[in-house]
Amino acid sequence: MLGSSPDFLYIAGLLGVIVFAISGALAAAEKHLDILGFILFAAITGIGGGTVRDLILGVDVFWVTDALYLQVCVAAGVLTYFLAPQFVARQRLLLWMDAMGLALFSVLGTSKAYALGVDLLVACAMGMITTTFGSVIRDILSDREPVLLGPEIYVTAALAGAMSYLLLFHVLGDSGVSIAIAVVIAFAVRAAAMVWDLRLPKFSRY
Amino acid sequence: MLGSSPDFLYIAGLLGVIVFAISGALAAAEKHLDILGFILFAAITGIGGGTVRDLILGVDVFWVTDALYLQVCVAAGVLTYFLAPQFVARQRLLLWMDAMGLALFSVLGTSKAYALGVDLLVACAMGMITTTFGSVIRDILSDREPVLLGPEIYVTAALAGAMSYLLLFHVLGDSGVSIAIAVVIAFAVRAAAMVWDLRLPKFSRY
Amino acid sequence: MLGSSPDFLYIAGLLGVIVFAISGALAAAEKHLDILGFILFAAITGIGGGTVRDLILGVDVFWVTDALYLQVCVAAGVLTYFLAPQFVARQRLLLWMDAMGLALFSVLGTSKAYALGVDLLVACAMGMITTTFGSVIRDILSDREPVLLGPEIYVTAALAGAMSYLLLFHVLGDSGVSIAIAVVIAFAVRAAAMVWDLRLPKFSRY
């Protein structure tokens, strides 16, 4: 059974960094960058959101005290550089990696903030920041419309993850189970949006 | 009479967040975003500048310890989403909201920094950061020319507010009156620039 | 002989801020901004990277405690505003100023971080952040392709500076000599890339 052991959280966090780093490196492939560009995009996308979260929460930035996160980003950048040509559907893969990262980061970011005793709304905001800042910087640097502004259900999925976690925390306690269920919910919402092309009503009353 | 009571500063700060948040939500209306996009733009514009100021000053980020700021941004985003169609001149309204936010934030940001004992120039810089970062992020995300780079008197007005406050502080002391007068000066400079289309000479000696 | 005295580091740091500030002001000239725009671009480019480095390292932001850095940026912005028309090859000058800043900041940023006891890879990352954030913000604000994403050897040169310093540190110790040699190496790599138009192989296997 899953406990809320530090190990479980640590591995889930690393996994989030890895999938976001790969999505960043795949964006570098679209831009035809060199290998350092791949590493750079992998690092910015993988650790950017968590960096802003930690700065705002006033805690030590996670990758400064534990270099493994940065090593993982470098590895993701290098491996993607050599393996990307193998993938026929890179754009599609980027979206699925991004969806997995979204699910993990929205829940883990919310959970880290809430454990520090902030308000529920602030904890949700931290989940959103962890999820979106890395990919927003990736998209601005690669001159793409930030995925967060697209018509797709993106922030909604992250919010579903954050809110499910906070609800489950009060029902089940701060356990790995609460986190795992919330991650699955966030991923399911985003996946449904991608597969069936769902979107919220846009503002169009001009 | 106005005292420099925490209450007066607190309410002025909230007011600044509200008008900037509305200007952000109106920018989301221009982009035809969904309701979460409105909330996001409201929050980034409303609290972005103060967040960067607090991080650089090394103090607790204001909205992490007091969730009311974030609640106000959410409310501004939601209300603007439903009320924006009522406004026939949204673009104009955005500029006036932005001018009010500019006047409040340039003075309050300078005042908060100066109270921590930094140099006059650094205090001015903090006023500028508080004023401009939120709207710069809003403009970059919505792919508009940052208002700060436009030919209009924008930074000049913020600077007028910051410098008036520092001058008044040394003449009248750290009172609500110093703040109120400086806010009026900054607003008057920006309003004059908007109404009469004033601008500083541009660099054009090519 | 050069010692690793605080004075030497302090002057090298100021020099880095000055050349980056001038490169920022020259970018403002390209955009035909007014004099405040020049100051703003000078300040963002001159102190932006070091600000992000200090925030992530969790130390006091360097220019908040010592206003000289900001004064130097203001002076660089004002002087460039009046002198820029004298320079026939402003675009070229911007690139050389940027190269000098790159060499200084990549080494000094790495050195500051490493002195705080972080991992080698994290120290390198801090050197890259110090070098690149200011110019990335300058380029995004002025709507240019970030130099960091260009095909030129830019990050490579910064990395050469960071890695040379870390190597020399372990051979020669934390002396001014280690810093000076590493700065020369970083500058030489960037200069060679500019003069002979060198570049790393791009990812182009579509």
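What you see is a predicted model; the values in this text were computed from it and never measured.
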query: What part of A:I140 lies closer than 4.5 angstrom to a heavy atom of chain B: side chain, backbone, both or neither?
result: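 It is the side chain, since no backbone atom gets that close.
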- request: Measure distances from A:L159 to the heavy atoms of chain B and classify the residue's part below 4.5 Å as side chain, backbone, both or neither.
  value: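 For A:L159, the side chain is the part near chain B, not the backbone.
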message: Quick check on side chain to side chain contact (heavy atoms under 4.5 Å, CB included): which of B:D60, B:T51, B:D54 does A:I56 satisfy it with?
response: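 When side chain to side chain contact (heavy atoms under 4.5 Å, CB included) is applied between A:I56 and each of B:D60, B:T51, B:D54, only B:T51 qualifies.
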Measure the [atom1]-[atom2] distance between [X] and [Y] for me, rounded to the nearest 0.5 Å.
X      : Y      : atom1 : atom2 : answer
A:T132 : B:L40  : OG1   : CG    : 7.0 Å
B:D34  : A:T156 : CG    : OG1   : 6.0 Å
B:I39  : A:M128 : CD1   : CE    : 11.0 Å
A:L121 : B:Y69  : CG    : OH    : 14.5 Å

query: Do B:V64 and A:M126 touch side chain to side chain, with heavy atoms closer than 4.5 Å?
result: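 SC-SC contact between B:V64 and A:M126 confirmed.
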- prompt: What are the two closest non-hydrogen atoms of B:A67 and A:V122, and how far apart are they?
  reply: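 Scanning both residues, the minimum pair turns out to be CB-CG2, 4.0 Å.
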Part of B:L70 within contact of chain A (heavy atom distance under 4.5 Å): both
